[in-house]
Amino acid sequence: MAKTRSMTRNHIHDSSRKRFKTHDNADVAPWSILNNDVLLLVMMQLGVVDFLSFSRVCKSWRSFALSNRNNFMSSRPPMFISISHDANNKNYCTMRDLEQKKFKTILSNSAHVTCYGLTCGYLIIFGNERHDFWLVNPITRHELHFPRSPFYTLSHPSIVKGILVFLPSISRWAFVISYRFTTKISYFIKGNRGWNHVSSTLPILDLHAFKGKIYTIHADCCLCEMRLNPKPKLKLLETKNFQKPDLKRPEFVTSGEKLYIMNRSNLFGDPNANKVLELDFGEMKWVSLEKTIEEYAFFLSNFNYSAAIKKESSAWADPRTQSKIRDYFLDERYLDPDKTRPDMFFYARMWYFSHDCFSVDLIDEC
């Protein structure tokens with residue numbers, strides 16, 4: 001009987017070898033050496049969730065995915081992201097693309113955390129018991145930890161704004177936190193021991209990083225630049241023709257090319273709701289986008305992180321993408337009753353922009 005079992009195993013082994021030999025004779029190449037041009041065509045048809053699976057198929061595909069990831073991520077439309085926790089006190093981040101495919105990852109084993117939005121592809125997480133911040137990239141799983149914050153008081157996510165920014169003036173990364181309607185900004189610079197503060201004479205409404213500089217917008221609709229070198233301060237920037245009565249709640253809009261602010265007023269019947277202005281740095285004046293606003297798609301969020309994407313960009317150009325975004329996320333509060341311009345405002349509790357995923361690529365722990 002033992003001899004029979006041995007012969008059976010050998011027969012299976014020999015048969016398997018023969019089948020693979022026939023496979024080789026048929027000139028069928030393994031997936032791992034697929035032509036790069038064909039591989040790129042396949043990869044660029046994937047969603048972000050499938051891209052993550054694609055990069056784990058084999059070493060050669062992983063290498064190919066890593067070398068083309070920035071091009072891929074910049075071409076993907078935004079994803080909806082949500083935070084939840086279960087009965088075992090585990091916190092989860094769930095990302096959903098336009099194909100309704102989901103990517104889920106564990107954030108922490110403590111139920112006592114609050115998410116305060118996104119910055120540079122990182123979720124801003126606050127530990128309610130230890131009063132410390134940490135940033136988590138839900139795709140790469142990279143984390144940045146910051147020490148206990150002595151100034152913090154628990155606030156609603158819509159009140160808190162955090163940004164991670166590289167400052168060329170000091171050649172370091174900084175994590176900056178502000179609280180709407182207060183006069184203080186707190187920041188932690190990589191390499192330093194603790195937190196520092198900058199104060200304003202006027203309440204701060206929003207905070208934004210743009211081309212290596214930090215800007216603030218205030219209750220009196222004035223614009224300041226936050227400078228840390230040689231001495232921390234808020235420098236008032238003189239701007240022309242700012243229409244103060246038009247903007248009840250000014251908020252910065254993320255864009256890779258220009259600096260925008262938007263009126264995120266929730267007042268019923270406000271004719272200037274979602275009005276957008278651009279700062280012309282050459283003449284230091286505000287310019288309305290009324291004539292060109294239809295060129296953009298605006299993605300609005302509860303978490304003080306709204307973004308403008310040009311409709312001619314690859315992240316928006318596909319008509320199927322436009323249709324799905326309209327079906328799921330069109331903000332009907334701002335529909336034009338006369339239909340004189342195309343739909344452009346899309347709302348979700350929190351958006352994730354794939355092109356931000358690798359904008360801070362594994363910097364050292366703070």
Side-chain angles (χ1 to χ4, degrees), residues 112-120 122-135 144 146-165 167 173-189 192-210 213-229 231-239 242 244-254 259-267 277 279 300-306 349-350 366:
H112 304 291
V113 301
T114 303
C115 178
Y116 286 118
L118 291 152
T119 178
C120 296
Y122 287 77
L123 290 165
I124 302 172
I125 306 297
F126 182 78
N128 299 334
E129 294 178 338
R130 298 195 305 173
H131 283 202
D132 60 337
F133 284 98
W134 75 91
L135 309 185
L144 299 170
F146 299 89
R148 179 183 176 88
S149 171
F151 54 87
Y152 182 81
T153 57
L154 191 63
S155 302
H156 189 273
S158 64
I159 301 297
V160 181
K161 179 66 172 286
I163 58 172
L164 182 66
V165 55
L167 301 173
W173 288 93
F175 180 50
V176 188
I177 291 285
S178 70
Y179 306 92
R180 190 186 297 274
F181 310 120
T182 70
T183 58
K184 182 182 291 186
I185 297 175
S186 301
Y187 62 93
F188 183 94
I189 297 177
N192 290 7
R193 291 187 176 182
W195 293 84
N196 290 287
H197 314 282
V198 173
S199 295
S200 168
T201 56
L202 294 171
I204 300 164
L205 298 186
D206 201 10
L207 180 76
H208 189 62
F210 180 71
K213 295 183 179 180
I214 301 171
Y215 295 95
T216 57
I217 194 79
H218 298 256
D220 197 27
C221 291
C222 61
L223 181 72
C224 291
E225 179 186 342
M226 178 177 167
R227 299 178 180 178
L228 302 181
N229 188 32
K231 183 179 179 180
K233 64 178 180 179
L234 290 175
K235 172 66 176 178
L236 177 66
L237 301 180
E238 297 291 342
T239 58
F242 198 103
K244 296 180 182 179
D246 288 355
L247 302 185
K248 307 298 182 184
R249 182 188 163 187
E251 178 183 301
F252 287 109
V253 178
T254 297
L259 184 65
Y260 301 115
I261 59 170
M262 173 186 289
N263 182 28
R264 290 295 304 276
S265 170
N266 292 322
L267 297 178
L277 299 178
L279 181 61
L300 314 179
S301 168
N302 272 353
F303 285 79
N304 300 321
Y305 192 87
S306 299
R349 182 170 174 78
M350 185 161 50
C366 292

Student: Would you please name every residue forming a side-chain contact (heavy atoms from CB on, under 4.5 Å) with Thr119, sequence neighbours left out?
Tutor: Ile124, Leu135, Ile163, Leu164

Student: Between Lys161 and Asp206, is there a salt bridge with N-O shorter than 4.0 Å?
Tutor: yes

Student: Report yes or no: does Arg180 contribute a side-chain atom to a donor-acceptor pair with the main-chain N or O of Leu205 at less than 3.5 Å?
Tutor: yes

Student: List for me each residue that meets side-chain contact (heavy atoms from CB on, under 4.5 Å) alongside Ser200, sequence neighbours excluded, and say none if there are none.
Tutor: Leu202, Ile204, His218, Leu234

Student: About how many Å separate OG of Ser186 and CD1 of Ile177, when rounded to the nearest 0.5 Å?
Tutor: 8.0 Å

Student: Is any side-chain heavy atom of Asn229 closer than 4.5 Å to a side-chain heavy atom of Arg227?
Tutor: no

Student: Heavy atoms only: give me the nearest Ser301-Ser306 pair and the separation to one decimal.
Tutor: N-OG, 3.7 Å

Student: So Lys235 and Cys224, do their side chains get closer than 4.5 Å, heavy atoms only?
Tutor: no

Student: What pairs with Arg349 under salt bridge (Lys or Arg N to Asp or Glu O under 4.0 Å), at least two apart in sequence or on another chain?
Tutor: none

Student: Please examine the side chains of Tyr187 and Val198, heavy atoms only from C-beta on, and report whether any two atoms are closer than 4.5 Å.
Tutor: yes

Student: Between atom CE of Met262 and atom CZ of Arg249, what is the distance when rounded to the nearest 0.5 Å?
Tutor: 11.0 Å

Student: To the nearest 0.5 Å, what is the distance between CG (Leu237) and CG (Leu223)?
Tutor: 5.0 Å

Student: Taking the side chain as C-beta and beyond, is there a heavy-atom pair between Phe252 and Tyr215 under 4.5 Å?
Tutor: yes

Student: Any side-chain heavy-atom pair from Ile189 and Asn196 closer than 4.5 angstrom?
Tutor: no

Student: State the OH-CD1 distance between Tyr116 and Ile125, to the nearest 0.5 angstrom.
Tutor: 10.5 Å

Student: Answer yes or no: is there a side-chain heavy-atom contact under 4.5 Å between Trp195 and Phe175?
Tutor: yes

Student: Could you measure the distance from the NZ atom of Lys213 to the CG atom of Leu228? Nearest 0.5 Å is fine.
Tutor: 13.0 Å

Student: Look at the aromatic rings of Phe188 and Phe146 and report parallel, tilted or perpendicular, splitting at 30° and 60°.
Tutor: perpendicular

Student: Between Phe126 and His131, what is the ring plane arrangement, given parallel below 30°, perpendicular above 60°, and tilted in between?
Tutor: tilted

Student: Within a strict 4.5 Å, meaning less than it, do heavy atoms of the Ile214 and Val165 side chains meet?
Tutor: yes

Student: For Tyr305, check ring-ring contact (aromatic ring centres under 6.0 Å, His included) against everything at least two apart and list the hits.
Tutor: Phe353

Student: To the nearest 0.5 Å, what is the distance between OG1 (Thr254) and OH (Tyr260)?
Tutor: 11.5 Å

Student: When you look at Cys115 and Met350, which way does the side-chain contact (heavy atoms from CB on, under 4.5 Å) test go after all the steps?
Tutor: CA-CA 10 Å; Cys115 178; Met350 185 161 50; 4.1 Å; yes

Student: Is the shortest heavy-atom distance from the side chain of Val176 to the side chain of Ile185 under 4.5 Å?
Tutor: yes

Student: Where do Trp134 and Tyr122 land on the side-chain contact (heavy atoms from CB on, under 4.5 Å) test, with the steps shown first?
Tutor: CA-CA 9 Å; Trp134 75 91; Tyr122 287 77; over 6 Å; no

